Each structure stands twice: as structure tokens, then as C-alpha cells.
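Here the structure comes first, spelled out in C-alpha cells, and everything after it is commentary.
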Amino acid sequence: MEFRAASSVVFLLLAAFAAGASAASFTIINNCGYTVWPAGIPVGGGVQLDPGQSWNVDVPAGTSGRFWGRTGCSFNGGSGHCDSGDCAGALSCSVSGQTPATLAEYTIGANGAQDFYDISLVDGFNQPMDFSCSTGVNLHCPAAGCSDAYLFPTDDTKTHACSSNSNYQVTFCA
């Protein structure tokens, strides 16, 4: 009887911890007429998206990062080169991309805390992007200098809040 009670308590504690440490789901969509190789920090990438294809990624709570699209890529195995957004020639990124790169930046709150997201052009513009949260606003950046994106590092007016446990969508060439 004591074993059952103890195992029930452990199960409830694990379930409570898992509920507080949920992930956010990201869907990355290539709406362009050309192939895009999405990359992300800290999630890597290494996926080729032909026109109309998508990539689904779960990002753990408490994570800050970014996604961007690489264009004009050629890979042989795990290494190669991209004309824009290249990450040191790696197929799966472990470092941020080289400029120019339109960035979808995020912070996923831990333990039910609010999420935050934005589009940044601080590292330049390499392709149109939309970035949305299921409980927030749709950010639209069709061209360099768009008013929905950070244009310089201290511009803190472009970050948007989203409730925790949300789904996100990043669309290239929306």
C-alpha cells in the first residue's frame, strides 16, 4: 500500500513538472517560388523546403532563439554554402547565420510565463517573412525596412507578447 501511495505522489509530481515545462510548436512554411533551407538557433535546421513544403519543430519552454531562411544553398553531406543566411557552411546550424538574414526571434516562457516574438532586420533582409502566434498578432515583413520589424538593436517597440503554450508559424514569401 505504501509503495502505491509513493508511486502516485511521484507520478503527480512528474505530471505537474511536465505541464509547467511544455513546448511551443513552430510550423515553418516555404511559400516562395524557390527552395529555402530554414535554420534555427538552438534547434539547428538542416532541412530543405521546396516551394509549398513545411517543417514542424517543437521548442522547449524557457528557450530563446531564432529562425531564418537560407537561400542559394548547395550541400554535400553536412557541409556546403548558402548565398544568404549561411551558418559557417554547416547544414545544421550551431551558430547564427551570416548577413543578410531576416530573423524570426522568440522567447518561450517557462512555467506558464508569457512568450515573446518579433521579426528582426538588424542582420539585414534576405527574403519576405510573416511570423505569427496563435494568440497574438501576425507580423508581416514583405521588404527591407518594413514597419513590423526591428530595424536597429535598441528598437524595443517591435516585440509582441503571446500566451504560453501557443503555436507559431513562420512563412517565407507570405
Side-chain angles (χ1 to χ4, degrees), residues 22-47 49 54-73 81-90 92-174:
S22 61
S25 295
F26 284 77
T27 300
I28 315 297
I29 301 169
N30 179 7
N31 225 16
C32 303
Y34 50 86
T35 300
V36 174
W37 295 78
I41 297 292
V43 296
V47 178
L49 293 183
S54 63
W55 174 45
N56 295 311
V57 182
D58 286 333
V59 175
T63 301
S64 291
R66 54 181 51 177
F67 288 104
W68 68 95
R70 298 177 289 173
T71 61
C73 299
H81 173 77
C82 297
D83 292 338
S84 70
D86 189 60
C87 27
S92 182
C93 300
S94 60
V95 297
S96 289
Q98 296 170 344
T99 60
T102 307
L103 304 175
E105 301 176 317
Y106 61 87
T107 297
I108 307 304
N111 301 318
Q114 207 167 33
D115 298 350
F116 296 95
Y117 66 107
D118 67 77
I119 293 177
S120 173
L121 299 182
V122 173
D123 290 343
F125 178 89
N126 71 328
Q127 61 189 12
M129 176 188 289
D130 275 15
F131 188 18
S132 62
C133 166
S134 58
T135 61
V137 298
N138 182 40
L139 305 177
H140 183 63
C141 191
C146 65
S147 61
D148 273 354
Y150 277 91
L151 301 176
F152 50 92
T154 58
D155 178 11
D156 62 358
T157 64
K158 304 298 184 183
T159 299
H160 297 272
C162 191
S163 54
S164 64
N165 301 322
S166 293
N167 296 316
Y168 292 86
Q169 183 170 305
V170 175
T171 306
F172 301 117
C173 301

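Hydrogens, waters and symmetry mates are skipped; everything else that's a heavy atom, side chains included, is used. Please read these numbers as outputs of a predicted model, since none were measured by experiment.
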Can you see which heavy atom on [X] is nearest to which on [Y], and at what distance?
X    : Y    : value
P60  : I108 : O-CB, 3.9 Å
M129 : I119 : O-CD1, 3.7 Å
A24  : Y168 : CB-CE1, 4.0 Å
S92  : G44  : OG-CA, 3.6 Å
A88  : Q98  : N-NE2, 4.4 Å
N126 : P100 : CB-O, 3.6 Å

**OP:** Apply side chain to side chain donor-acceptor pair (under 3.5 Å) to S54 and list each qualifying residue two or more places apart in sequence or on a separate chain.
**Re:** none
Original post:
With F67, which residues qualify under ring pair (Phe, Tyr, Trp, His ring centres under 6.0 Å), at least two apart?
Top reply: F26, Y106
For residues 135-146, which side-chain donor-acceptor pairs fall under 3.5 Å, sequence neighbours excluded?
unit_1: T135; atom_1: OG1; unit_2: S163; atom_2: N; d: 3.3
unit_1: T135; atom_1: OG1; unit_2: S163; atom_2: OG; d: 2.9
unit_1: T135; atom_1: OG1; unit_2: S166; atom_2: OG; d: 3.3
unit_1: N138; atom_1: ND2; unit_2: D130; atom_2: OD2; d: 3.4
unit_1: H140; atom_1: ND1; unit_2: D130; atom_2: OD1; d: 2.4
unit_1: H140; atom_1: ND1; unit_2: D130; atom_2: OD2; d: 3.4

Measuring from atom [atom1] of [X] to atom [atom2] of [Y], what distance do you get when rounded to the nearest 0.5 angstrom?
X   : Y    : atom1 : atom2 : result
D83 : T71  : CG    : OG1   : 6.0 Å
R70 : C93  : CZ    : SG    : 4.0 Å
R66 : D118 : CZ    : CG    : 9.0 Å

**OP:** Please test V122 against E105 for side-chain contact (heavy atoms from CB on, under 4.5 Å), starting from the C-alpha separation and ending with a verdict.
**Re:** CA-CA 11 Å; V122 173; E105 301 176 317; over 6 Å; no
Subject >> Residue pairs, two or more places apart or on separate chains, that pass salt bridge (Lys or Arg N to Asp or Glu O under 4.0 Å) and touch residues 131-154 >> reply: none
Subject >> Pairs satisfying salt bridge (Lys or Arg N to Asp or Glu O under 4.0 Å), at least one member in residues 23-36, at least two apart >> reply: none
Original post:
Any chance the SG atoms on C82 and C87 come in under 2.5 Å?
Top reply: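 Unbridged: C82 and C87.
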**OP:** Indicate yes or no: at least one non-hydrogen side-chain atom of V170 is less than 4.5 angstrom from one of W68.
**Re:**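 No, too far: nothing below the 4.5 Å cut-off.
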Subject >> Pairwise side-chain contact, N30 with W55, heavy-atom cut-off 4.5 Å (strictly under) >> reply: no
Which donor-acceptor pairs under 3.5 Å do side chains of residues 31-38 form with protein atoms, sequence neighbours excluded?
unit_1: Y34; atom_1: OH; unit_2: Q127; atom_2: OE1; d: 3.3
unit_1: T35; atom_1: OG1; unit_2: D50; atom_2: OD1; d: 2.9

Subject >> side-chain contact (heavy atoms from CB on, under 4.5 Å) between T27 and N167, intermediate numbers included >> reply: CA-CA 8 Å; T27 300; N167 296 316; over 6 Å; no
